[in-house]
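One structure below.
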Amino acid sequence: MRVYIFLCLMCWVRSENKRPCLEFSQLSVKDSFRDLFIPRIETILMMYTRNNLNCAEPLFEHNNSLNVNFDTQKKTVWLIHGYRPVGSIPSWLQNFLRILLNEEDMNVIVVDWNRGATTFIYSRAVKNTRKVAASLSGHIKNLLKHGASLDNFHFIGVSLGAHISGFVGKIFHGQLGRITGLDPAGPRFSRKPPYSRLDYTDAKFVDVIHSDSNGLGIQEPLGHIDFYPNGGNKQPGCPKSIFSGIEFIKCDHQRAVHLFMASLETNCNFISFPCQSYKDYKNSLCVDCGSFKDKSCPWLGYQAKLFKDVLKERMEERSFKTTVFLDTSAYYFVLSIIVLDKTMTDGSFSFKLLNQLGMIEEPRLYKKNKPFYKLQEVKILAQFYNDFVNISSIGLTYFQSSNLQCSTCTYKIQSLMLKSLTYPERPPLCRYNIELKEREEVFLNPNTCTPKKT
C-alpha cells in the first residue's frame, strides 16, 4: 500500500512539472470577421527538436533564458506559413516537421503568425509581413547572444512567409545561411523592387520553387536559382474547374510545399534543366547543364544546397539568375547520338527501352527543332514514367524528312550513349558503329561506355 501511494505521488509530481505543449493558433472565419474591426497581430515561436518531436515548446523561457533543448551548434530551420483567410492550421505542417527532423538532427522553429494572417483583407496581411519580420529579428538577436549563428539558419517560407523570410534577411544584411521560397506570393509583390519582396541578396543562398506563377504565386525569378516545375503553373492532378471549390484555388499554390517535402521523403531526384523558357526546355534545347556538369543538373528541394557554390559563381560572373525547368513524376534519360552520314541533315529519331524482364517502355520525347550535320552530336531528352535500371536493349528508329525518303538507303551512326539524368551516378550505356534503314526499328544491345583515352 505504501509503495502504491509513493508511486502515485511520484506520478503527480511529474505531471505537475510537465508543462503543456504549445499549440498552433487555431482560428476560424469568426476571427477573420473580428479582424475587420479589431485588427490583431501576434507572433508565437514553437520550437521542435528530436527530443520533443510531438510537443512544441517555447524557444525562450519566462526569464528569457534559452530552452535547454535548443542546440546553438546545430542547423535551425524556421518554417513560416502564409495567408490564412479562414484561420485554419496549415494541413502540411505536422508532416513537414516530421520529415525535416527525420532528415537531420536540427532545431525547427514554427513561426505561428496566424493572428495577423487570418483576415479577409489581404492587403492587411501583406502589411503584417513587415511587422512579423521585425518581431523575428528581436528573437534572432537574442539567439545570437546565446551563441547561435546566422549561417546555420535556413528559413523556409510559404507564400507570404517567403517574403517575411526576405524581410528578415534584409534586416541582417543578407547574412542568413539560406532562404527557400515556396511559391512566394504574387499579388502585391509582382514587379516590385527587391527591397519590397524576397530577393537573392537576402541570404547567402536563396532557392525558390514556383508552382502557381500565373495565379497566387509570382512569375519573376527571385533567387540564386528558381525552379519552375511543369512550367511553374497548372500542376498535374490539380482541379481544372472552379466548381472543384477551394482546391481549385490553392492546389497549384501549395504544390511547391509538397514537392519540397517529396524531395526529402522519396528517393526521386527532381532533376531540373537550366533554360531560358519552358518552351525551349520542351523543345529539347536545354539538355546540357553547362557549368553544372560536375555535379549533374540541379536538384529541386532540400538538396538544392549542393549547387550553392556554382550558382553563386554564375551570379557573380554573369550577373543573371538561374531559371530551371522540370516535369514532375518522371525519370529522365538523355540519348546522345553522333551521326556520320551527311545525308542525315533533316531527320529525327525515336527510341524505346527494353529491360531484362522483357518490359518495353516508350518515352515521352522532347522535340528537337534544330537540324543536325556531319559529326554533330544530337541529344534527345526523354521522360519515362517508370525507372529502367537493367536495360537489355535500345530500340532505335530513324525518320528522314518527307521530301528525302529512301527505303533502300542506309545511314551510319558513329556512336550512341544513353545516360540517366535522374540518377547520374549510374554508368552510361554505349553502342558504336551502327547502320540504320529509314523507319526500320533496330534493337541494340548496349554495354557500359568505354572511358575516353586522355
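It should be emphasised that the depicted structure is a prediction, and the values quoted were computed from it without experimental measurement.
To the nearest 0.5 Å, atom CE of residue Met417 and atom NZ of residue Lys379 are 7.0 Å apart. Here NZ of Lys170 is found 3.5 Å from CG of Asp202. Values are rounded to the nearest 0.5 Å. Here the OG-NZ distance, from Ser393 to Lys352, works out to 10.0 Å after rounding to the nearest 0.5 Å. Rounded to the nearest 0.5 angstrom, Ser272 OG and Asp226 CG are separated by 11.5 Å. For the atom pair OH of Tyr48 and CD1 of Ile109, the computed distance is 12.0 Å after rounding to the nearest 0.5 Å. Taken to the nearest 0.5 Å, the NZ atom of Lys419 stands 11.0 Å off from the OG1 atom of Thr422.
Remark: Glu103 engages no residue in a side chain to side chain donor-acceptor pair (under 3.5 Å) (not counting sequence neighbours). Residues satisfying the salt bridge (charged side-chain N to carboxylate O under 4.0 Å, His left out) test with Arg98, not counting sequence neighbours, are Glu265. Looking at residues two or more places apart in sequence or on another chain, you find no ring-ring contact (aromatic ring centres under 6.0 Å, His included) involving Phe167.
When ring centroids are compared, Tyr411 and Tyr398 come within the 6.0 Å threshold. In this structure, His210 has its ring center no closer than 6.0 Å to that of Phe227. Remark: aromatic rings of Phe384 and Phe333 are close, center separation under 6.0 Å. For an aromatic pair to be called close, the ring centres must be under 6.0 Å apart, and Phe399 with Phe349 fails this. Taking the six-membered ring wherever Trp is involved, the centroid distance between the rings of Phe270 and Trp299 does not fall below 6.0 Å.
Annotation for Leu176 and Gly169: closest pair CD1-CA, 3.6 Å, computed over non-hydrogen atoms. Pairing each heavy atom of Gly301 with each of Arg178, the nearest pair is O-NH2, 3.1 Å. Scanning all heavy atoms of the two residues, the minimum distance from Cys449 to Leu429 falls at SG-C, 3.3 Å. For the pair Asp183 and Ala256, the tightest heavy-atom approach, listed with the atom from each and the gap, is N-CB, 3.7 Å. Shown here for Gly166 and Leu198, the closest heavy-atom pair between the two residues is CA-CD1, 3.8 Å. Closest non-hydrogen pair, Gln73 versus Asn152, comes out as O-ND2, 3.8 Å.
Asp199 and Thr201 are linked by a side-chain donor-acceptor pair at a separation below 3.5 angstrom, with hydrogens and angles left out of the test. Inspection of the Asp207 and His224 side chains reveals no N or O donor paired with an N or O acceptor under 3.5 Å. Donor-acceptor pairing under 3.5 Å is recorded for the side chains of Asn107 and Thr76. Remark: the Asn52 side chain and the Thr49 side chain contain an N/O donor-acceptor pair separated by less than 3.5 Å. Under 3.5 Å, the side chains of Asp327 and Tyr278 contain a donor-acceptor pair of N or O atoms. No side-chain N or O of Ser392 forms a donor-acceptor pair with one of Asn355 less than 3.5 Å apart.
Residues Ile337 and Gln414 form no side-chain contact, since every pair of their non-hydrogen atoms from C-beta on lies 4.5 Å or further apart. For the pair Leu444/Val442, a side-chain contact is recorded, criterion being any heavy-atom separation below 4.5 Å from C-beta on. Contact of the Gln254 side chain with the Ser91 side chain is registered, since non-hydrogen atoms from C-beta on lie closer than 4.5 Å. In this structure, the side chains of Leu396 and Ile413 come closer than 4.5 Å at one or more pairs of heavy atoms. No side-chain heavy atom of Leu97 sits less than 4.5 Å from a side-chain heavy atom of Ile99.
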Problem - Audit row: Leu222, Arg197, side-chain contact (heavy atoms from CB on, under 4.5 Å) steps and yes/no - result: CA-CA 9 Å; Leu222 308 176; Arg197 53 157 173 79; 3.7 Å; yes
Problem - Verdict with supporting geometry, Phe307 and Val324, side-chain contact (heavy atoms from CB on, under 4.5 Å) - result: CA-CA 13 Å; Phe307 305 90; Val324 292; over 6 Å; no
Practice task
Would you check, one step at a time, whether the test side-chain contact (heavy atoms from CB on, under 4.5 Å) holds for Val77 with Phe155?
Solution key: CA-CA 6 Å; Val77 168; Phe155 277 69; over 6 Å; no
Problem - salt bridge (charged side-chain N to carboxylate O under 4.0 Å, His left out) between Glu104 and Lys74, worked out - result: CA-CA 10 Å; Glu104 191 172 336; Lys74 292 178 181 176; over 6 Å; no
Practice task
Evaluate the criterion side-chain hydrogen bond (donor to acceptor under 3.5 Å, both in side chains) for residue pair Asn214 and Gln219; output intermediate values, then yes/no.
Solution key: CA-CA 7 Å; Asn214 61 352; Gln219 177 71 46; over 6 Å; no
Practice task
List the steps, then state whether side-chain hydrogen bond (donor to acceptor under 3.5 Å, both in side chains) holds for Thr328 with Asn230.
Solution key: CA-CA 7 Å; Thr328 54; Asn230 306 298; 3.0 Å; yes
Problem - Pair Leu326-Leu300, side-chain contact (heavy atoms from CB on, under 4.5 Å): steps then yes or no - result: CA-CA 9 Å; Leu326 70 152; Leu300 172 148; 4.0 Å; yes
Problem - Audit row: Lys234, Asp252, salt bridge (charged side-chain N to carboxylate O under 4.0 Å, His left out) steps and yes/no - result: CA-CA 6 Å; Lys234 296 180 181 177; Asp252 292 329; over 6 Å; no
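Between Phe24 and His81, the ring planes lie perpendicular to each other; the angle is over 60°, past the 30° to 60° tilted range. Taking the six-membered ring for Trp and thresholds of 30 and 60 degrees, Tyr302 and His154 have ring planes inclined between 30 and 60 degrees apart. Between Phe96 and Trp92, the angle of the ring planes goes over 60°, which puts this pair in the perpendicular group of the 30/60° scheme.
With Gln303 contributing its side chain and Ser263 its backbone, the two residues share no donor-acceptor pair below 3.5 Å. Distance alone, capped at 3.5 Å, places no donor-acceptor pair between the His163 side chain and the Pro184 backbone. A donor-acceptor pair is defined here as one N or O able to donate and one able to accept, closer than 3.5 Å; such a pair exists between the side chain of Tyr122 and the backbone of Pro187. A side-chain donor-acceptor contact under 3.5 Å links Ser149 to the backbone of Asp151. A donor-acceptor contact shorter than 3.5 Å is absent between the side chain of Ser165 and the backbone of Ile179. A side-chain donor-acceptor contact under 3.5 Å links Glu220 to the backbone of Arg191. Between the side chain of Tyr228 and the backbone N or O of Ser213 there is no donor-acceptor pair closer than 3.5 Å. Of the possible polar contacts, one joining the Arg50 side chain to the Leu101 backbone as a donor-acceptor pair under 3.5 Å is found. A side-chain donor-acceptor contact under 3.5 Å links Thr323 to the backbone of Cys275.
Between Arg255 and Asp212, none of the side-chain N atoms (NZ, or NE/NH1/NH2) sits under 4.0 Å from a carboxylate O, so this pair counts as no salt bridge.
Exactly one of Thr118, Ile44, Leu136, Val132 qualifies for a side chain to side chain contact (heavy atoms under 4.5 Å, CB included) with Trp113. That residue is Val132.
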